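For clarity, every value in this text was computed on a predicted model and none was experimentally measured. Reminder, nothing fancy here: chain letters follow the sequence lines and each chain counts from 1.
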Amino acid sequence: MDVSCAFRHRARRYNSGVTSEAAETHDTDRYDHARLEERWLPHWRRTQPFRSGREGDTRPTKYVLDMFPYPSGDLHMGHAEAYALGDVISRYWVQRGYNVLHPIGWDSFGLPAENAAIKRGVDPAGWTEDNIAQQRASMERYACSFDWDRVLATHRPEFYRWNQWIFTRMFERGLAYRKPSLVNWCPNDQTVLANEQVVQGLCERCDTPVTKKRLTQWYFKITDYADQLLDDMDELDWTDRVKAMQRNWIGRSTGADVKFVIEGRDEPIDIYTTRPDTLYGATFMVVAADSELAAELAEGADAATQEAFEAYAEKVKASSEIDRLSTEREKTGVFLQRYAVNPVNGERLPIWASDYVLADYGHGAIMAVPAHDQRDLEFATAMGLPVQVVLDCRDEDGNPLPDPVESGEATTGDGVLVNSGPLDGLAKAEAIAAIVERLAADGVGEATTNYRLRDWLISRQRYWGTPIPIVHCDACGEVPVPDDQLPVTLPDAEGLDLKPKGQSPLAAATDWVTTTCPRCGAAAKRDTDTMDTFVDSSWYFLRYLSVGKTDGPFEPLDAKKWAPVDQYVGGITHAILHLLYARFFTKALRDMGLVDFDEPFLALLNQGMVQMDGSAMSKSRGNLVRLSEQLDEFGVDAVRLTMAFAGPPEDDIDWADVSPGASSKFLARAWRLARDVASEPGVDPATGDLELRKATHKTLAETAELIESFRFNVAVARVMELVNVTRKAIDSGPGAADPAVREAVEAVAVLLSLYAPYCAEDMWALLGNEDVALGNWPEVDPALLVEDTVTCIVQVKGKVRDRLEVSPSIGEDELKELALATDGVKRALGDAGIRTVIVRAPKLVNVVPA
RNA sequence: GCCCCCGUAGCCCAAUCGGCAGAGGCAGCCGACUUAAAAUCGGCCCAGUGCGGGUUCGAGCCCCGCCGGGGGCACCA
């Protein structure tokens, strides 16, 4: 798409009601965002100021990365915020003299393209490429400081070839494997979903209630890295919020495995518990109704029991995730007419099957201690099972808590063990240590760790994704496609029915599916599933480093030079999924010897969302604000500045609360400064007005700190202050010809280049310079940061009673004397004596009366 | 239920070692310029920091307990 076309369009819009002649003429003596955009965009297209990694570039490197967009339509307000903030960081480091890698690409596989293709009967590839072209044009107009030589899109074979390559490496190491299991199934999209894509029991994409289906699917063994994924977070410069989300998701718990002998079964079974100290309180056992163990135990029971179990299991399977998630639901289950033996006291425990025990956590079986676990208590109450108290729990005042059976509340806290044989009298921690030791000695238990995190299900029964590079051979089994036969490209969508039908559309591409086994040469079939698109985004940040490379996913030397990412910028919506997967990939690639670092993203900034009138924007809600219209009306610079100025970047922006019009006015005010400067380029600022010089240098020094701690809104406020004092200097101070005015305005231009590149570039040109964006951060003169005098607050009993203008280097004793002599102190003190005087030279004295 | 974040003028937000509650902006009001309006320039108004305790010479900031808002996890044994 031609961006200049959009400009003509706007010019017409903008000047409607004015003569056509006026529409063609721009007033060069006024700030006119349309004129500035028309002037500078073509210039930047030519000069490509943000190309990184040029031959002979000796600047220190930095890698600043924005999360790449999905190409479904044009950019929206959310993109505008994210890229505005990422650009502030990236442009700042360029100004500070760094060789900044700031790439962009497209996360272009996935359901939206496929759904659009189905709906409109178009080719997903064509639809995707069209959207990419549109977004790219919008990004260029938006003046994103991207390196346009490093663009990638994940749907192109030159990218997804390396998905396949990494997959086969994972497969070789046992990190990619296939297993049958009950998986999340979206009946609408007709595809499997990862746990992470099920939100409140609904499909993340289409909000359809998710059901369960038993399927054989591909997994990545992310659970192998659970401990590292938890522990390595300590080193990351991420918010506590995101770290907490990741911690919750991984969900590490420590406890013990305990072996229970099952009557009539050769092998004992393991259960997992976090409270082995309550083992003497176990009164029954529960196995997950949808587990193989439950089916096996039922098989060993009488026919009536078996029938009851099968009916129950069927019901459980049919229930939706939503039902399952309801916490108020009644406990249900079937007694399997089987018994387990408690290893510590030989008691016979009836075994029940229920859906409140999960098949894929721990061992899918638990010991039930109803006195001290709320869920077990509810189940015992519903089924009339016995309750045995083994903990003496007390409230804060030392009174015993009511009996769980009477109160309906299990006592789950700490307590002293009772009715527990050798454990009696021990506190929780001691009891756990003692019982684990004894179980281990007897060979019937050991301390273990469990995780909420499950292995990552990556199979998708859809067309628009990376084909899984596996050939199924009757003789050889699962055979990875050899490297020299990669990529396995997608068959043409032409003639394929992409509609969801529970099986991958690739299965219908007979010619494509039919192949020979790479190992034995016999007739064989390709795997017809495609990979979860999160695979693409798990390593794309490495591909940017070596986009053209044809003999590997990335060049190790490039990775050494640039990676890991110094600063990542993106929405909090990816706080769990994408970040966790990318961290896992990095660790796996490290173990393959491909990278030499542990974490992909050292620092992370999560910008908030852009809302309108208190809620997320949507067409149906009628509160949609169109980015293109905002850009037409207020200009790129004003919209970008508004995003930076609205508040802390992590906070949501309500577009109704901010004012792009005010941003535009401010930019005009700044721009006029450059127009008004009356001294020549290169004039020595040292001879200029001292007060203005101090203001300029102070602003520069403070801004550096503010940007580096992401306080962009405050940094913008500082530029506004500098603009205000410079205006005053011109109008009612030393005047437009003073060299300090030029110094101040040049600083304004450099500072504004972070938020408002068009305005800054034009100011820079008005000042007789070129290329404002590149390494122009002025050196701060420390001498100009020192104040001649500071205001010392004089307090009596913490209340301000007087002020003193003193030297910054004043001594404590001298300051104390001056303070005690002030009228304010004398008045406030009256006849009272002095108990003590707190002196914090040079800023504060606090007199404490007796 | 567990965990994380946040409550400061009418509104968005500053106050980063515990030290003058206000930097910047929006809205409002007044004035200058103008025949007038726009634009521009200048000025003014506005809270004692959600509530209750505590520590301290001194608390928006630290501690405890509430209230309110947002978010994550959740039958994970």
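At B/rC20, none of the side-chain N or O atoms of A/Thr791 fall inside 4.0 Å of OP1 or OP2 (strictly under the cut-off). Contact annotation: A/Tyr356 does not reach the phosphate of B/rA77 (side-chain N/O to OP1 or OP2, under 4.0 Å).
Looking at A/Asp270 and A/Lys259, a side-chain N of the basic residue comes within less than 4.0 Å of a carboxylate O on the acidic one, giving a salt bridge. Salt bridge A/Asp376/A/Lys331: absent, no basic N to carboxylate O contact under 4.0 Å.
Rounded to whole Å, the distance from CG on A/Leu604 to P on B/rC4 is 19 Å. Atom CZ in A/Arg252 sits roughly 18 Å away from atom P in B/rC3 (whole-Å rounding). Atom CG of A/Asp651 is separated from atom C1' of B/rC6 by 8 Å (rounded to the nearest Å). In this structure, A/Leu453 atom CG and B/rC73 atom P are separated by 13 Å, rounded to whole Å. In this structure, A/Leu641 atom CG and B/rG24 atom C1' are separated by 11 Å, rounded to whole Å. Summarising the geometry, the separation between CG on A/Asp290 and P on B/rC75 is reported as 13 Å, rounded to the nearest angstrom. One can place CZ of A/Phe666 at 10 Å from C1' of B/rG25, the figure rounded to the nearest angstrom. For the pair A/Glu705 CD and B/rA23 P, the interatomic distance rounds to 20 Å; values are reported in whole Å.
Within the shown strands, nothing qualifies as a pairing partner of B/rA15 under the Watson-Crick or G-U definition with both distances less than 3.5 Å. Checking B/rA37 for Watson-Crick or G-U wobble geometry (two distances, each under 3.5 Å) identifies no partner in any strand. For B/rC2, the paired nucleotide is B/rG72, the pair qualifying as Watson-Crick or G-U wobble because both relevant distances are below 3.5 Å. Summarising the base pairing, B/rC46 is matched to no nucleotide, lacking a Watson-Crick or G-U wobble pair whose two defining distances lie under 3.5 Å. The partner of B/rG65, taking Watson-Crick or G-U wobble pairs whose two distances both stay under 3.5 Å, is B/rC51. Nucleotide B/rG60 is matched to nothing when pairs are restricted to Watson-Crick or G-U wobble geometry with both distances under 3.5 angstrom. B/rA27: no Watson-Crick or G-U partner with both key distances under 3.5 Å is found in any strand.
As judged by a 4.0 angstrom heavy-atom cut-off over every strand, A/Thr836 is placed among residues making no nucleic acid contact. Across all strands, A/Ser663 comes closer than 4.0 Å to no nucleic acid atom at all (heavy-atom distances). Within 4.0 Å (heavy atoms only), A/Arg840 reaches at least one base atom of the nucleic acid. A/Phe645 comes within 4.0 angstrom of a nucleotide base, judged by non-hydrogen atoms across all strands.
When the P atom is compared between B/rC4 and B/rC20, the two are found 31 Å apart, to the nearest whole Å. Across the P atoms, B/rG72 and B/rG65 are found 25 Å apart, a figure rounded to whole Å. Taking the C1' atoms as reference points, B/rG18 lies 47 Å from B/rA39, given to the whole Å. Comparing B/rG53 with B/rG69, their C1' atoms are spaced 23 Å from each other, to the whole Å. Only the C1' atoms considered, B/rG31 is 14 Å distant from B/rC45, to the nearest whole Å. Across the C1' atoms, B/rU8 and B/rA21 are found 8 Å apart, a figure rounded to whole Å. Across the C1' atoms, B/rC64 and B/rU55 are found 11 Å apart, a figure rounded to whole Å. Taking the P atoms as reference points, B/rC6 lies 9 Å from B/rC62, given to the whole Å.
Between A/Pro649 and A/Phe710, the closest side-chain pair of non-hydrogen atoms falls below 4.5 Å. No side-chain heavy atom of A/Val716 sits under 4.5 Å from any side-chain heavy atom of A/Val714.
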Distances for protein N/O vs nucleotides 37-42 of chain B N/O pairs under 3.5 angstrom?
from: B/rU40; atom 1: O3'; to: A/Arg672; atom 2: NH2; distance (Å): 3.0
from: B/rC41; atom 1: OP1; to: A/Arg669; atom 2: NH1; distance (Å): 2.4
from: B/rC41; atom 1: OP1; to: A/Arg672; atom 2: NH2; distance (Å): 3.3

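The side chain of A/Ile793 lies closest to B/rG19 when the candidates are B/rG19, B/rC4, B/rA77. The listed nucleotides are B/rG19, B/rC3, B/rC13; the one nearest the side chain of A/Asn248 is B/rC3. Set against B/rC57, B/rC4, B/rC13, the side chain of A/Val848 has B/rC57 as its closest nucleotide. Nearest nucleotide to the side chain of A/Asp355, out of B/rC73, B/rG24, B/rC75: B/rC75. You'll find that the side chain of A/Asp657 is closest to B/rC11, out of B/rC11, B/rC26, B/rG72. Nearest nucleotide to the side chain of A/Ile576, out of B/rA14, B/rC20, B/rC73: B/rC73. In this structure, the nucleotide among B/rG25, B/rA77, B/rA14 sitting nearest to the side chain of A/Val714 is B/rA14. Of the candidate nucleotides B/rC73, B/rG24, B/rC13, B/rC73 has the atom lying nearest to any side-chain atom of A/Arg452. In this structure, of B/rC3, B/rC57, B/rC11, it is B/rC57 that holds the atom nearest to the side chain of A/Ile838. Closest contact between the side chain of A/Met720 and the listed nucleotides B/rG25, B/rA14, B/rC4 involves B/rG25.
Taking the salt bridge (charged side-chain N to carboxylate O under 4.0 Å, His left out) definition, one finds that A/Asp813 meets it with nothing, sequence neighbours left out. Partners of A/Thr332 according to the side-chain hydrogen bond (donor to acceptor under 3.5 Å, both in side chains) rule, which considers only residues two or more places apart in sequence or in another chain, are A/Tyr312.
Taking the syn range as angles within 90° of 0, the glycosidic angle of B/rG48 is syn.
Side-chain atoms of A/Asn450 do not come within 3.5 Å of backbone N or O of A/Thr254 as any donor-acceptor pair. At least one donor-acceptor pair under 3.5 Å links the side chain of A/Asp455 to the backbone N or O of A/Ile222. Distance alone, capped at 3.5 Å, places no donor-acceptor pair between the A/Arg840 side chain and the A/Val845 backbone.
Residue A/Asn846 places a side-chain atom within donor-acceptor reach of the base of B/rC57, judged by atom type and a 3.5 Å distance cut-off alone. Side-chain N/O atoms of A/Gln795 and base N/O atoms of B/rG19 include a donor-acceptor pair closer than 3.5 Å. Judged by distance alone, with hydrogens and angles left aside, A/Lys331 brings a side-chain donor or acceptor within reach of the base of B/rC75, the pair sitting under 3.5 Å.
The closest side-chain donor-acceptor pair between A/Asp257 and A/His363 falls under 3.5 angstrom.
Across every non-hydrogen atom of A/Pro660 and A/Ala638, the tightest pair is O-CB, 3.7 Å.
A residue-by-residue look at A/Gln246 and A/His363 shows that A/Gln246 has its nearest nucleotide of RNA chain B further toward the 5' end. Residue order along RNA chain B, read from the 5' end via each residue's closest nucleotide, puts A/Arg803 first among A/Arg803 and A/Val716.
Proximity of the aromatic rings of A/Phe666 and A/Phe645 is defined here by a centroid distance below 6.0 angstrom, and this criterion is not met.
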